[in-house]
Undergrad: 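Here's a structure for you.
Convention: sequence-line order gives letters A, B, ...; per-chain numbering from 1. Keep in mind that this is a model prediction, so the values were computed, not measured.
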Amino acid sequence: MAIWSGRSEDRNVRSFVLIADINFSPRFIFSKATFTTTIGLLQQSLSAILIMSNRAPAIPSNVISVVLSFVQDRTTWNSVCSANKEFYEAGRGMTPPWPDTKFKLGPNGTTKSLKFSPCGSFLACGANSSSPYLLSICDRRGRLTRLICHTSSISDLSFSKNGKYLASVSASDTFIRIWPTNSTGLPQQSDKKLLGHWRRIQCFDFAPNHSNILVSVDSADIKVWNVETEGCTHRFYSGGGPNRYIGTIRSIYFPLPEIKITSASL
Amino acid sequence: VTSGGFLIRTCWDDLSGTIARDIVDMPGLGQEVQKSAFAHCGSLLAVSSYQRDMASHLDFTLYDMKTMSVVQRVTIDDCIPGPFTPFTFSPNGKMLVFDVGLSEILVFQVGDLNIRRRLLRQHGSGRVSASAIAFDPCSQFMAFVWWDNYVRLCTP
């Protein structure tokens with residue numbers, strides 16, 4: 001009898017124990033207890049076990065999904081999914097790990113912006129190559145989507161916290177491009193723009209609790225936008241006044257509201 | 001946060017239409033803020049600023065926005081100065097990654113700014129800095145881009 005234990009890479013901590021009997025028939029038992037993680041051992045052994053397990057009784061689909069979410073590299077993913085029919089079927093409906101530790105996103109040139117989507121399935125990259133300036137989005141299967149966007153190199157990117165929008169600004173444009181995402185979270189080509197700044201945008205960010213609200217800053221103004229309606233709802237002067245130099249704004253921060261828990265008992 | 005070391009606090013109310021705004025000094029932050037980044041959780045701000053007399057010396061400061069005080073400051077003696085030198089917090093707020101521009105990326109442990117790991121780039125073209133760094137939402141690995149526009153994924 002061999003026992004392996006591990007933890008799913010999912011945010012919700014899910015520890016499990018993998019037990020294989022002497023005939024290498026896997027048996028999976030979930031446990032909330034945290035065991036010593038032996039990731040390397042599990043990944044090395046998993047393929048061999050699964051090859052042997054083709055004769056074993058069917059493995060529950062929820063067990064398969066947990067085990068696959070535990071696999072972190074593409075090579076192991078491929079070997080596991082090709083070793084067992086049930087895992088192969090389940091793997092087709094899941095997002096595999098990133099394909100490699102090195103891959104090319106776009107044409108040669110300096111890249112100044114790189115952001116993961118909130119779901120972790122997409123990586124957006126603003127390439128500074130030559131016109132047309134491209135926004136490249138890579139998914140975990142290595143597929144590239146390219147969006148034509150600004151008239152100069154992209155200087156910053158930001159996903160809304162719920163992944164509904166991707167916003168980008170360039171080094172010289174005075175507007176913000178908004179890319180709505182589809183149901184999988186992939187940004188789509190769009191003509192949506194937030195117009196109204198007179199100077200180059202220094203920094204911007206989405207509000208953490210309201211995905212429709214975006215705040216942007218140029219050298220003179222702070223603007224609050226409603227992304228849905230593409231309208232500027234508030235505008236503030238960002239300077240310190242004629243007799244007070246405070247410099248240019250470097251970053252924006254939204255303090256998260258404090259959660260207060262009150263309890264009472266009789 | 002401004003390059004002059006000030007904090008602009010702004011609050012608006014959509015229902016009443018009221019706007020409140022003030023500017024406060026951030027003691028100890030200095031006057032030469034090159035780049036700054038906020039932690040995704042907590043109240044920490046990371047700031048990089050170059051020393052005027054020695055351009056290759058960079059001060060790296062962790063600032064607590066709640067107490068308005070410097071938590072920790074380290075000086076990196078040998079780095080390539082530039083306004084676009086990327087650094088970023090991990091989403092779980094435990095790590096701070098900074099590219100010193102010498103084919104080396106430093107992974108700091110947030111709290112005491114101890115260097116947790118050095119990621120060395122293997123490339124024959126000398127001192128080249130990463131142009132962008134990003135963490136995945138679970139903080140398990142990070143991606144960075146070198147000059148040739150290749151994305152590398154690695155565990156921090």
Undergrad: Considering all heavy atoms of both residues, which atom of F236(A) and which atom of W12(B) are nearest to each other, and what is their separation?
TA: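 That closest heavy-atom pairing would be CZ-CE3, 3.9 Å.
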
Undergrad: Which atoms of S155(A) are under 4.5 Å from chain B, going by heavy atoms: the side chain, the backbone, both sets, or neither?
TA: neither

Undergrad: Please check: side-chain N/O of S251(A) versus main-chain N/O of A37(B), any donor-acceptor pairing under 3.5 Å?
TA: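 Side chain of S251(A) to backbone of A37(B): no pair is present.
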
Undergrad: Would you mind checking which part of L157(A) comes under 4.5 Å of any heavy atom in chain B, side chain (CB onward), backbone (N, CA, C, O), both or neither?
TA: neither

Undergrad: Which heavy atom of A134(B) sits nearest a heavy atom of F116(A), and at what distance?
TA: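 For A134(B) versus F116(A), the nearest heavy atoms are O-CE1, 3.8 Å.
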
Undergrad: Could you look at S36(B) and say if it's the side chain, the backbone, both or neither that has a heavy atom under 4.5 Å from chain A?
TA: both

Undergrad: Can you confirm whether K94(B) is buried at NZ, in the sense that more than 12 heavy atoms of other residues, nucleotides or ligands lie under 6.0 Å from that atom?
TA: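 It does not: K94(B) NZ has 12 such atoms or fewer within range.
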
Undergrad: Over all heavy atoms of both residues, which pair between R250(A) and Q34(B) is shortest? Give the atoms and the distance, please.
TA: NE-O, 3.3 Å

Undergrad: Would you compute the distance between atom OG1 of T2(B) and atom CD of Q202(A) and round it to the nearest 0.5 angstrom?
TA: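 Reported to 0.5 Å precision, the distance equals 11.5 Å.
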
Undergrad: Measure the NE2-CG distance between H234(A) and D13(B) for me, rounded to the nearest 0.5 Å.
TA: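 The NE2 atom of H234(A) sits 8.0 Å away from the CG atom of D13(B).
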
Undergrad: CZ of R9(B): more than 12 outside heavy atoms within 6.0 angstrom?
TA: no

Undergrad: Looking at V215(A), V224(A), T248(A), which has the largest count of heavy-atom pairs under 4.5 Å with chain B?
TA: T248(A)

Undergrad: What part of V217(A) gets closer than 4.5 Å to chain B, counting heavy atoms only: side chain, backbone, both or neither?
TA: neither

Undergrad: I252(A), I222(A), T233(A): which one forms the most heavy-atom pairs within less than 4.5 Å of chain B?
TA: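 Top count of heavy-atom pairs under 4.5 Å with chain B: I252(A).
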
Undergrad: Chain A heavy atoms under 4.5 Å from I23(B): which part of the residue, side chain, backbone, both or neither?
TA: both

Undergrad: Between A143(B) and L123(A), which heavy-atom pair has the shortest distance, and what is it?
TA: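 Closest heavy-atom pair between A143(B) and L123(A): CB-CD2, 4.2 Å.
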
Undergrad: Between P137(B) and S117(A), what is the shortest heavy-atom contact and its length?
TA: CG-O, 3.3 Å

